[in-house]
Enquirer: 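The structure that follows is given in the form of C-alpha cells.
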Amino acid sequence: QVQLVESGGGLAQPGGSLRLSCAASGFTFSSYEVAWYRQAPGKECELVAHMPTTGGTTIHADSVKGRFTIWRDNIKSTLYLQMNDLKFEDTAGYYCSVRRFGTWEPRQPTCGLGGLNHWGKGTLVTVSS
C-alpha cells in the first residue's frame with residue numbers, strides 16, 4: 001500500500017531553519033507528482049509547494065518564496081522541504097502528498113483528506129521565541 005511518512009518537524013526560532021523529509025514506499029515514487037501542504041490551527045489547508053515527477057520545475061506559494069525549497073530524490077523515494085528564515089506564521093502541521101495525475105488545489109478544508117491524493121500523517125513545525 002501507499003505509505004508516506006514525514007519527519008523533521010520540531011521547534012525553531014524565528015529566522016531559523018528546518019528540513020522536512022517524506023519517505024515514500026509501496027508504490028513507484030518516480031511516477032507521481034509531489035507536494036507539501038500545511039495547516040495551522042483554525043485555518044484551512046494550504047498548498048506550500050509542488051513539483052512534477054522528474055523534477056526540474058518547482059512551484060512555491062508566494063508566502064514562502066525565497067525561503068522554502070522543495071526537491072525530490074527519486075532514487076531514495078524521498079521528498080524534501082528546506083525551510084529557511086522561519087517566521088511565526090509558518091507554524092503549522094506539514095503534510096506531504098502525492099498523486100499520479102491532476103491539479104494541485106491551493107486550498108483544501110483539511111489536510112490529509114483532499115481529492116484523490118495520497119497523504120502522510122503530517123509533522124508539526126512550531127516557530128517560537
Side-chain angles (χ1 to χ4, degrees):
Q1 72 281 12
V2 173
Q3 185 172 17
L4 301 170
V5 181
E6 301 96 334
S7 62
L11 178 64
Q13 295 184 336
S17 298
L18 287 173
R19 179 178 293 180
L20 306 184
S21 299
C22 175
S25 62
F27 66 104
T28 304
F29 180 70
S30 60
S31 297
Y32 286 71
E33 299 179 348
V34 297
W36 285 98
Y37 282 85
R38 69 183 181 184
Q39 186 162 29
K43 298 184 178 180
E44 62 187 344
C45 179
E46 66 172 338
L47 179 63
V48 175
H50 66 94
M51 65 186 303
T53 57
T54 58
T57 301
T58 60
I59 299 88
H60 299 78
D62 289 341
S63 59
V64 305
K65 284 181 179 177
R67 300 188 298 117
F68 291 11
T69 303
I70 185 174
W71 81 95
R72 63 190 296 166
D73 186 334
N74 284 343
I75 296 177
K76 296 179 62 176
S77 295
T78 302
L79 173 67
Y80 300 93
L81 182 69
Q82 178 67 43
M83 305 186 295
N84 297 325
D85 191 23
L86 286 163
K87 304 178 182 299
F88 292 121
E89 52 264 40
D90 294 321
T91 295
Y94 284 73
Y95 301 78
C96 65
S97 183
V98 305
R99 68 183 304 158
R100 188 73 183 275
F101 305 104
T103 302
W104 297 107
E105 296 295 333
R107 301 174 186 273
Q108 301 185 38
T110 304
C111 286
L113 301 175
L116 299 177
N117 301 355
H118 297 283
W119 296 85
K121 294 182 178 180
T123 185
L124 180 63
V125 171
T126 301
V127 183
S128 176
S129 299

Enquirer: To the nearest 0.5 Å, what is the distance between CH2 on W71 and OG1 on T78?
Expert: 10.5 Å
Enquirer: Work out which heavy atom in R100 is nearest to a heavy atom in S31; give both atom names and the distance.
Expert: CD-O, 3.1 Å
Enquirer: Please confirm whether the backbone N or O of F29 pairs with a side-chain atom of R72, one donor and one acceptor, at under 3.5 Å?
Expert: yes
Enquirer: How many angstroms lie between CD in Q108 and CG in L47, if you round to the nearest 0.5 Å?
Expert: 8.5 Å
Enquirer: Mind checking the NE2-CD spacing from H118 to Q1? Nearest 0.5 Å is all I need.
Expert: 11.0 Å
Enquirer: Against W119, only a single residue in Y94, Y37, W36 fulfils ring pair (Phe, Tyr, Trp, His ring centres under 6.0 Å); can you say which?
Expert: Y37
Enquirer: Treating N74 as the side-chain partner and T53 as the backbone partner, does any N or O pair qualify as donor plus acceptor under 3.5 Å?
Expert: yes
Enquirer: Measure the OG1-CG distance between T91 and L124 for me, rounded to the nearest 0.5 Å.
Expert: 8.0 Å
Enquirer: Any chain of hydrophobic side-chain contacts (each under 4.5 Å) joining W104 to Y32?
Expert: no
Enquirer: Taking the basic N atoms (NZ, or NE/NH1/NH2) and the acidic carboxylate oxygens, is any pair closer than 4.0 Å for K87 and D90?
Expert: no
Enquirer: Do any side-chain atoms of residues 2-17 form donor-acceptor pairs under 3.5 angstrom with protein atoms, and if so which ones, sequence neighbours left out?
Expert:
from: E6; atom 1: OE1; to: K121; atom 2: N; distance (Å): 3.1
from: E6; atom 1: OE1; to: G122; atom 2: N; distance (Å): 2.9
from: E6; atom 1: OE2; to: C96; atom 2: N; distance (Å): 2.9
from: E6; atom 1: OE2; to: G122; atom 2: N; distance (Å): 3.2
from: S17; atom 1: OG; to: N84; atom 2: OD1; distance (Å): 2.9

Enquirer: Would you check if F68 and L86 make a side-chain contact, meaning some heavy-atom pair closer than 4.5 Å?
Expert: yes
Enquirer: Let me confirm one number: the OG1-OH distance from T110 to Y95, rounded to the nearest 0.5 Å.
Expert: 9.0 Å
Enquirer: Rounded to the nearest 0.5 Å, what separates atom CE in M83 from atom CG in L81?
Expert: 5.5 Å
Enquirer: Any heavy-atom pair between the side chains of R38 and S63 that's under 4.5 Å?
Expert: yes
Enquirer: Identify which one of I70, L20, D73, T69 satisfies the side-chain contact (heavy atoms from CB on, under 4.5 Å) criterion when paired with Y80.
Expert: D73
